[in-house]
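Dropping the structure in here first, questions after.
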Amino acid sequence: MDKVIVFDTTLRDGEQAAGGSLNIQEKLEIARQLGKLGVDVIETGFPVTSPGDFEAVRLIAKEVRSAVNCVLTHANINAIDQSWEAVKGAEQPRIHIVLSSSDIHLFYALRKSREEIIRMVSDTVAHARKYCSDIEYSAMDASRTEPEYIYQILKAAIDAGATTVNIPDTVGYAMPEQFGALVEGVFKQVPNIERAVVSIHCHNDLGLAVANSLEALKRGARQVEGTINGIGERAGNASLEEIIMAIKTRPDFFSLMTGADTTQIYKTSRLVSDLTGFPVQPNKAVVGANAFRHSSGLHVDGMIKAAQTFEIMDPKTVGVPSSSLVLCKTSGRHALRERLAELGYSLTEEDFNRAFAAFKDLADKKRDVTDKDIESIVAEEKRTVSEFYHLDRLQVTCGDRGIPTAAVRLTGPDGQVLADAALGTGPVDAVYKAINRLVAVPNQLTEFTVKSVTEGIDAIGEVLIRIESDGVTYTGRGADTDIIVASGKAYMNALNRLLTAKKGK
Ligand code: KIV
Ligand code: ZN
């Protein structure tokens with residue numbers, strides 16, 4: 001079976017999704033997890049776009065050595081030089097040059113002729129080759145480019161030294177049959193194609209990103225680009241977990257394999273969802289909450305008799321925690337440590353102590369502590385490390401009479417204790433106003449959602465908010481059995497991220 005190179009661009013194209021920005025530590029954490037998932041290439045960022053991206057690429061290069069570290073750059077000598085500075089510490093660096101190929105982009109966006117574009121591709125690929133032997137060239141908007149021109153541009157890129165040539169369906173316009181034919185045409189019409197890996201990169205505007213990617217693999221492409229949970233520009237990118245599982249589940253059809261450790265899929269999906277603040281829809285293939293749930297009597301009956309009646313994948317192969325084991329207030333440190341290990345967490349002693357204290361606190365309020373509760377606790381504890389301001393106390397009065405009032409106490413940057421109170425139109429508004437009186441950073445709340453982590457009246461509530469400041473969106477999350485407290489935590493989380501970003505400028 002041929003191996004497909006799995007190229008993850010969650011940290012680059014995925015992060016380009018509106019409202020999905022990640023800070024440096026979060027990118028590092030996702031990169032580490034992608035390393036565990038065993039993807040072959042991680043696109044770690046687009047270093048010329050921001051100092052934060054540059055730093056994230058540099059740090060990931062030092063730490064995540066098992067995968068190729070790829071950086072995206074414009075087809076511009078200066079941009080390539082800067083991008084190389086960011087990625088040069090990687091064990092396996094790759095420079096990825098993007099330049100559009102379609103007449104629409106050439107005419108409206110670049111105002112260049114086809115000849116000029118070919119010259120730019122040749123010059124910049126040759127320049128990048130001076131730094132690094134692994135060079136990818138992407139013909140942006142390839143699916144809306146005349147095939148003859150794609151053949152010429154890819155030939156020029158390979159002649160100049162590109163080792164991977166990527167055919168993106170940038171705007172999600174292609175149909176599987178048509179996209180497959182384009183890939184097949186590339187194999188037939190590009191004379192030096194055997195010197196490069198053919199890659200594809202599909203967007204999901206018509207919901208066909210995975211179908212187009214699989215069709216292209218069927219027709220000979222051997223690198224597939226995508227993101228975890230399919231996040232990305234507009235309607236997103238191809239979902240890598242779906243592609244990996246399609247290849248694994250249907251070897252009879254594809255005769256292909258990947259190097260991914262599929263048991264890490266679920267954890268990677270949760271992590272990306274937690275850190276970007278993009279929830280996974282319940283019916284999402286492979287990683288949705290309902291992906292392995294059976295409801296109708298007929299299905300449940302079939303499942304009891306033999307799982308393969310209604311399940312084409314074993315949930316264990318994607319790492320869905322199968323245990324129905326629950327912890328409770330009599331469970332000790334050992335039980336929590338074991339459960340965390342089974343869920344794939346390895347915490348430092350300090351982090352474990354914090355998680356254990358939060359677990360005990362939760363178990364006092366809630367009879368059964370499930371895996372989802374534990375995941376929520378760990379995520380909450382991670383969010384509160386290295387905060388500028390920490391929410392220490394929160395008290396509200398509210399109801400259908402009287403004026404909603406909130407009092408808050410924060411611990412500030414130098415350990416000073418700050419306290420204030422405010423009135424609001426509701427309890428959350430009052431909490432946010434009280435916090436604003438202490439942390440005076442102008443911002444606007446643009447999104448607020450509450451959901452429960454598990455079923456039951458005593459469930460943990462998770463709040464996700466987005467705030468905007470100077471045109472930039474910051475996501476905040478908070479979890480607690482009290483949703484007003486969770487809302488306060490989410491707001492502090494967003495404010496801390498805003499302050500970190502502003503400090504980094
Ligand atoms: O969608 C696209 O064309 C891209 C390229 C940079 C590969 O993201
Ligand atoms: Zn893209």
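Starting from 1, each residue takes its place in the sequence as its number. First listed ligand is number 1; within each ligand, the first listed atom is number 1. For clarity, every value in this text was computed on a predicted model and none was experimentally measured.
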Problem set entry | Spacing of Leu99 atom CG and Asp141 atom CG [to the nearest 0.5 Å] | 11.5 Å
Problem set entry | Pair Glu55-Arg58, salt bridge (charged side-chain N to carboxylate O under 4.0 Å, His left out): steps then yes or no | CA-CA 5 Å; Glu55 190 55 12; Arg58 215 180 56 79; 2.9 Å; yes
Exercise. Could Glu242 and Lys284 be called an ion pair, given the rule that one side-chain N must be under 4.0 Å from one carboxylate O?
Worked result: yes
Exercise. Are any non-hydrogen side-chain atoms of Leu208 and Pro176 less than 4.5 angstrom apart?
Worked result: yes
Problem set entry | Rounded distance (nearest 0.5 Å) linking atom CZ of Phe179 with atom CD1 of Ile200 | 6.0 Å
If you look only at distance, which donor and acceptor atoms sit under 3.5 Å apart when one is on a side chain in residues 184-194 and the other is two or more places apart or in another chain?
{"unit_1": "Glu184", "atom_1": "OE2", "unit_2": "Arg219", "atom_2": "NH1", "d": "3.0"}
{"unit_1": "Asn192", "atom_1": "ND2", "unit_2": "Lys155", "atom_2": "O", "d": "3.1"}
{"unit_1": "Asn192", "atom_1": "ND2", "unit_2": "Asp159", "atom_2": "OD1", "d": "3.0"}

For this session: Show all protein N/O/S atoms under 2.8 Å from the Zn ion (ligand 2), or state that there are none.
Result: Asp13 OD2, His201 NE2, His203 NE2
Which pairs of donor and acceptor atoms, one on a side chain in residues 67-74, lie under 3.5 Å apart (sequence neighbours left out)?
{"unit_1": "Asn69", "atom_1": "OD1", "unit_2": "Ala61", "atom_2": "N", "d": "3.4"}
{"unit_1": "Asn69", "atom_1": "ND2", "unit_2": "Val64", "atom_2": "O", "d": "3.2"}
{"unit_1": "Asn69", "atom_1": "ND2", "unit_2": "Ala67", "atom_2": "O", "d": "3.2"}

Exercise. Are Ile247 and Leu217 side-chain neighbours, meaning at least one heavy-atom pair lies under 4.5 Å?
Worked result: yes
For this session: Specify whether His203 and His201 have parallel, tilted or perpendicular ring planes, treating 30° as the upper limit for parallel and 60° as the lower limit for perpendicular.
Result: tilted
Seminar exercise, completed: Within the 4.0 Å heavy-atom cut-off around ligand 1, the contacting residues, ordered by chain and number, are Arg12, Asp13, Leu72, Val98, Ser138, Met140, Asn166, Pro168, Thr170, His201, His203
